[in-house]
Amino acid sequence: MRDKVVVKWGGGLITEKSQLCTANREIIHSLVDTIITCHNNNMDVILVHGAGSFGHLRAKKWRLNEGKIDPSNFTAVDSCTTQEQAVKLVRKDMLTLNSIVMDELTKADISAAVLPPHMWAKSTGENFEGDLQFFASAPEGIVMVTYGDVVDCDEPQMFGILSGDDLVTRLAIEVPNVKRLVFAIGGVDGLLRCPPQRATEDDLLEIWHPGIIFEGEHQQNIDVTGGIGLKAARGAKVAQNGIEVMMVSGQHPQRVADACIGVATRGTKVVSK
Ligand code: IPE
């Protein structure tokens with residue numbers, strides 16, 4: 001069986017994060033080549049993408065991350081009168097973003113199959129329920145794709161947000177033959193010692209483990225999932241299982257490709273200690 005790499009394309013990278021449902025097609029297009037590089041180096045790819053402006057803005061507005069709230073606290077608008085309707089709308093938006101990703105893969109002649117989490121996963125966080133067998137048994141050269149989504153939960157929560165960061169954690173650890181996990185992120189070269197606005201070239205942490213303090217930026221006013229801090233924590237857990245973990249800027253596809261095939265590049269290597 002060939003080695004595999006699990007790659008997360010962050011939502012902040014593949015969308016314009018503050019503009020509702022706006023994809024960054026150019027970036028998506030450039031990232032597709034990194035998958036071809038993996039195939040040319042005999043590696044299979046499991047691709048997980050984030051939500052960016054196709055998920056966070058509406059999920060936040062309609063409080064889907066909080067689960068089912070008292071209907072009297074829901075601010076209805078003409079286009080959406082209940083949280084249940086909001087769940088459907090956000091799932092639809094995520095299918096739209098995914099179809100853009102799938103379209104770019106197809107145009108590059110890459111065979112890919114998508115498994116939308118709301119169809120196979122339940123509950124949120126890294127202990128979500130769901131059978132990862134389809135990811136493990138994909139034929140050579142077929143890219144298995146999934147993404148951060150609104151999933152069903154048990155009562156009383158009823159629904160919640162399953163982050164792509166939780167998906168990659170489980171996929172990297174539980175699918176056999178995964179050698180690496182690569183986070184392609186937007187706006188930064190990796191984990192920085194201080195927030196990006198203040199950081200210089202030298203503030204990149206080339207190696208990070210949970211004992212190193214960093215001031216990650218988390219746009220709590222926009223994000224319904226954990227931001228860079230969640231990625232770092234999940235990355236350390238994956239590294240503990242003997243899998244290489246890198247965080248690199250997705251605005252430099254060459255770095256993503258290099259990280260995927262195990263060539264040293266600019267970014268943050270995440271280790272467990
Ligand atoms: C969030 O998924 C999913 C929704 C908001 C519906 P992620 O946590 O993987 O998304 P990004 O990468 O932060 O955008």
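In this text the structure is predicted, and so the values were computed from the model without any measurement. Numbering of ligands and ligand atoms starts at 1, following listing order.
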Run the ring-ring contact (aromatic ring centres under 6.0 Å, His included) test against Phe54 and tell me which residues pass, sequence neighbours left out.
none
Residue, atom name and distance, where the atom is the protein heavy atom closest to atom 8 (O) of ligand 1
Thr225 OG1, 2.6 Å
Does ligand 1 come near enough to Gly11 that some N or O of the ligand is less than 3.5 Å from an N or O of the residue?
yes
Would you mind listing which atoms of ligand 1 come within a distance below 4.0 Å of any non-hydrogen atom of Gly52?
14 (O)
Would you please name every residue forming a salt bridge (Lys or Arg N to Asp or Glu O under 4.0 Å) with Glu174, sequence neighbours left out?
Arg170
Heavy-atom distances under 4.0 Å decide this one: backbone, side chain, both or neither, for Val224 against ligand 1?
side chain
What is the closest protein heavy atom to atom 2 (O) of ligand 1, and at what distance does it sit?
Gly148 CA, 3.4 Å
Run the side-chain contact (heavy atoms from CB on, under 4.5 Å) check on Trp120 and Val151 step by step: do they pass?
CA-CA 9 Å; Trp120 61 272; Val151 294; over 6 Å; no
Salt bridge between Glu104 and Arg25, side-chain N to carboxylate O under 4.0 Å?
yes
If you look at every heavy atom in Ile261 and Met43, which pair is closest and at what distance?
CA-SD, 4.2 Å
Provide the number and element of each atom of ligand 1 under 4.0 Å from a heavy atom of Gly55.
5 (C), 6 (C)
With respect to Gly164, determine whether any N or O atom, backbone or side chain, lies less than 3.5 Å from an N or O atom of ligand 1.
yes
Do you know the tightest heavy-atom contact between Val178 and Val175?
CG2-O, 3.4 Å
Report yes or no: do Ile207 and Val245 belong to one cluster of Ile/Leu/Val/Met/Phe/Trp/Tyr joined by side chain heavy-atom distances under 4.5 Å?
no
Indicate yes or no: does an N/O atom of Ala51 lie under 3.5 Å from an N/O atom of ligand 1?
yes
Mark up the atoms of ligand 1 that fall under 4.0 Å of a heavy atom belonging to His56, in ascending order.
1 (C), 5 (C), 10 (O), 11 (P), 13 (O), 14 (O)
Asp149 heavy atoms within 4.0 Å reach ligand 1 at atoms 3 (C)
Path from Ile243 to Leu230 over hydrophobic side-chain contacts below 4.5 Å
no
Using a strict cut-off of 4.0 Å, indicate which atoms of ligand 1 neighbour a heavy atom of Ile161.
1 (C), 3 (C), 4 (C), 5 (C)
Should Lys8 be counted as touching ligand 1, given the test is an N or O pair under 3.5 Å?
yes
Does any N or O atom in His49 lie less than 3.5 angstrom from one in ligand 1, N or O only?
no
To check you understand the geometry: which heavy-atom pair defines the closest contact between Lys4 and Met1, and what is its length?
NZ-SD, 3.9 Å
